[in-house]
Amino acid sequence: MSDPRSQIPSIDALLASPGAERLLEDTGRSQLADAFRDAVVKMRRAIEREDIKIVELVDDLKWYTEHAAQVLIRARIPGLRRVINATGVVLHTNLGRAPLADEALQAMRHAATYSNLEFNLHEGVRGSRYTHCVDLLCELTGAEDALVSNNAAGALVLAISTVGLGKSVAVSRGELVEIGGGFRIPDVLERSGASLVEVGSTNRTRSADYESAAARGEVTAILKVHRSNFRITGFTEEVSVSQLVSIGESHGIPVVHDLGSGLMLRGAKLDLPDEPMASDSIAAGADAVVVSGDKLLGGPQAGIIVGRREMIERMRRNPLCRALRVDKVTLAGLEATLRLYRDPVSVIERIPTLRMLALKPEALKETAETLASHLKIAKVPCEVVPTKGAVGGGTYPGVELDSWAVELTWPHGAGILSDALRAGDTPVVGRIIDEKLRLDVRTLLPGELTSVVTQVAEAFIEGDKAGV
Ligand SMILES: *Cc1c(COP(=O)(O)O)cnc(C)c1O
C-alpha cells in the first residue's frame with residue numbers, strides 16, 4: 001500500500017469541497033483553512049500511530065470537514081463563561097467569588113449602555129461617579145462618607161497612600177499578613193510610600209506597644225488588619241479598634257481598619273460565628289474602614305472605604321484614586337446589592353451568597369435527594385452523602401459548613417469523570433473526596449439542577465462510549 005500521507009488532500013482541495021462551501025457561510029476563508037490544517041495535523045498523527053480506524057478515512061473529504069466544523073464550534077465558545085459551582089465553597093475565588101443577585105444583574109445591564117455615571121441629571125451638568133452608593137454605604141455602616149474603588153486591595157493601597165505617604169504606620173506583628181495572591185501588608189505599605197513600624201509580637205500585641213511607639217513620635221498612623229483568612233489561638237492578645245482610636249486621638253494620628261469581609265449583617269443571622277462588621281469599626285471611631293464588595297457582602301468585585309468625611313475627601317483627591325477607579329457596571333451592581341440590605345428580612349433570600357450560607361442541612365439533604373433521584377432516572381448511579389463545605393474567599397477560616405452532596409459512582413476513576421464534567425457545555429465543578437466525585441448542592445443556583453443532571457448523564461454516556 002502506498003504511503004497514506006500522499007493521500008492527504010491539499011488545503012486548496014478541502015476548501016473547494018462541497019462541505020467547505022457550507023462552512024464558509026458563517027466562517028472566513030482563512031479561519032476555515034486553519035481548521036482544515038488542524039484536521040490534517042490530526043490525520044498525520046493518526047498515521048504515525050497507525051490508528052487504522054482514522055487512517056482508512058485519509059482521502060475522505062467528509063472526515064476533514066467534520067473535524068474542521070468541530071474546531072470552528074470550539075473557537076466560538078467564550079473564554080470566560082458560566083460554570084456550575086458544585087464544590088460547596090460559597091465564595092470560591094477561582095470561580096469568581098460572589099454570585100450576584102438578580103437585582104444587581106439587572107442594574108448592571110441597564111448601566112452598561114449609557115448612564116448618569118458622571119452626570120447630574122437634576123441640573124444637567126457634570127457630576128461625579130463618587131456620589132453613587134455613598135448614601136447607602138453611610139446608612140448601612142453609620143459612616144459620614146464612603147468611596148468605592150476597583151477592589152479592597154486597591155482601596156487599601158489608596159487608604160495607606162493617603163494617610164501614610166512619607167509617614168510611619170504602626171502594624172501589629174500578628175497582622176503582617178498575606179491577604180492572597182502574594183498581596184502582603186508590608187509590601188503594600190512600602191509601595192504606598194509608608195514605612196512600617198512593627199509593634200508587639202506574633203501572638204500578643206497590647207495597647208502599650210502602640211502607645212509607646214506613638215509616644216516616641218515614631219508613628220504617624222495606625223493600621224489594623226483583620227486576620228480574615230487564618231486564626232491564631234492559644235496565648236493571644238490583640239488591641240481593639242476602640243482602644244486604637246483612643247491612642248490615636250491622644251496623639252493625633254488616624255486609625256485605618258482593613259476589615260476585608262464586607263459582612264453587613266450579624267453572623268448569627270446566617271448561623272455563623274460573629275465577624276466584625278464595618279459598622280462596628282465606625283462606631284468604635286475608626287477614621288477609615290476598608291472592605292471588599294464580593295466577599296460576604298455578596299456584590300460585584302469592588303473595594304469600599306467608609307469613614308470620616310475629611311479622610312474620605314482626601315482619598316478622593318489622591319491621584320491614585322483615578323488609577324483605581326471603579327467602573328459604571330460595578331457601581332450599578334453594588335448599589336442594587338446594597339439597596340437589598342434595607343430590608344433585613346428579605347436580604348438573605350435575595351443575595352445568593354447569604355442565601356447559600358443560610359441554607360439548613362435538612363433542606364440541603366432534600367435537594368441532594370431530588371438531584372439523586374433525577375440522576376437515577378437518567379441511569380447515573382449515585383448516592384446521597386453528608387459533606388462539609390466552606391465559606392471561602394479567605395473568610396471564616398476553619399469554619400466548616402455542614403452540607404449534603406451527591407456522590408457519583410463511576411468505575412473509571414473520579415479524575416476522568418471530573419475532566420468530562422469540566423468539558424461539558426456548562427462546566428460542572430465538583431470536589432473529589434476519597435477517590436469519588438462529590439457534587440455539593442449548597443452552591444447550586446436555582447434552576448441549575450436540571451443542567452447538572454443533563455451534564456452528568458452526558459459525561460457518563462461519553463465515558464461509556466469511549467470505553468474508558
Ligand atoms: C480579602 C481581603 C482584602 C482584599 O480584598 P479584595 O476585594 O480581594 O481585593 C483586603 N484585606 C483583607 C483583610 C481581606 O480579607
Side-chain angles (χ1 to χ4, degrees), residues 89-100 104 133 137 141 146-164 169 171-189 191-192 194 196 222-232 238 240-241 244 255-264 267 272-278 280-281 286 288-307 315 320-321 323-327 330-331 333-334 337-338 353 390-399:
V89 180
V90 178
L91 295 169
H92 199 300
T93 303
N94 298 157
L95 304 184
R97 282 198 190 153
L100 300 180
C133 296
L137 284 168
T141 63
L147 175 59
V148 182
S149 74
N150 66 335
N151 63 10
L156 182 60
V157 170
L158 179 58
I160 298 299
S161 89
T162 304
V163 301
V169 179
V171 185
S172 159
R173 287 197 172 85
E175 297 171 5
L176 294 173
V177 302
E178 174 172 325
I179 287 154
F183 189 81
R184 293 179 169 167
I185 294 298
D187 300 336
V188 173
L189 260 67
R191 295 296 175 106
S192 310
L196 167 66
I222 296 174
L223 170 65
K224 182 170 177 63
V225 183
H226 180 52
R227 285 190 289 262
S228 39
N229 57 4
F230 73 108
R231 284 195 303 197
I232 55 169
E238 69 175 298
S240 69
V241 178
L244 291 178
V255 175
V256 174
H257 193 193
D258 175 19
L259 191 48
S261 94
L263 188 66
M264 293 282 171
L272 284 168
D274 240 0
E275 260 281 297
M277 304 192 334
D280 299 329
S281 307
V289 184
V290 175
V291 300
S292 185
D294 57 346
K295 291 185 181 172
L296 292 164
L297 193 151
Q301 181 191 303
I304 295 164
I305 313 174
V306 290
M315 292 184 193
L320 270 183
C321 187
L324 299 167
R325 84 177 180 187
V326 64
D327 86 303
T330 303
L331 272 172
L334 183 63
T337 307
L338 293 169
T353 302
V391 183
T395 65
Y396 281 111
V399 171

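Counting starts at 1 for both ligands and their atoms, in listed order. One-based numbering along the sequence shown.
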>> For R191, I'd like to know if atom CZ has over 12 heavy atoms of other residues, nucleotides or ligands within 6.0 Å.
In response: no
> Can you tell me how far CD of E275 sits from OG of S261, rounded to the nearest 0.5 angstrom?
Replying inline: 5.0 Å
> Among all protein non-hydrogen atoms, which one is nearest to atom 15 (O) of ligand 1, and what is the separation to 0.1 Å?
Replying inline: S228 OG, 2.4 Å
> By side-chain hydrogen bond (donor to acceptor under 3.5 Å, both in side chains), which residues pair with T337, not counting sequence neighbours?
Replying inline: none
> What atoms of ligand 1 come closer than 4.0 angstrom to any heavy atom of I179?
Replying inline: 1 (C), 2 (C), 3 (C), 4 (C), 10 (C), 11 (N), 14 (C)
>> For ligand 1, which is the ligand I care about here, please tell me if A152 has any N or O atom under 3.5 Å from one of the ligand's N or O atoms.
In response: yes
> Counting each atom of ligand 1 from 1 as listed, which ones have a heavy atom of N151 under 4.0 Å away?
Replying inline: 7 (O), 9 (O)
> Distance only, no hydrogens: is a donor on one side chain within 3.5 Å (strictly under) of an acceptor on the other, for D294 and S292?
Replying inline: yes
>> Would R97 count as a contact residue for ligand 1, given that I'm defining contact as a non-hydrogen atom of the residue lying under 4.0 Å from a ligand atom?
In response: yes
>> Only heavy atoms of H226, strictly under 4.0 Å: list the atoms of ligand 1 that pass.
In response: 13 (C)
> Does K295 reach ligand 1 with a nitrogen or oxygen that is under 3.5 Å from one of the ligand's nitrogen or oxygen atoms?
Replying inline: yes
> Is any side-chain heavy atom of L223 closer than 4.5 Å to a side-chain heavy atom of L156?
Replying inline: yes
> If you measure every N/O of A153 against every N/O of ligand 1, is any gap under 3.5 Å?
Replying inline: yes
>> Heavy-atom distances under 4.0 Å decide this one: backbone, side chain, both or neither, for Q301 against ligand 1?
In response: neither
> Hey, what do you get for OG1 (T141) to CE (M277), rounding to the nearest 0.5 Å?
Replying inline: 9.5 Å
> For atom 7 (O) of ligand 1, what is the nearest protein heavy atom, given as residue, atom name and distance?
Replying inline: S292 OG, 2.6 Å
> Which distance, rounded to the nearest 0.5 Å, do you find between the CZ of R97 and the OG1 of T353?
Replying inline: 11.0 Å
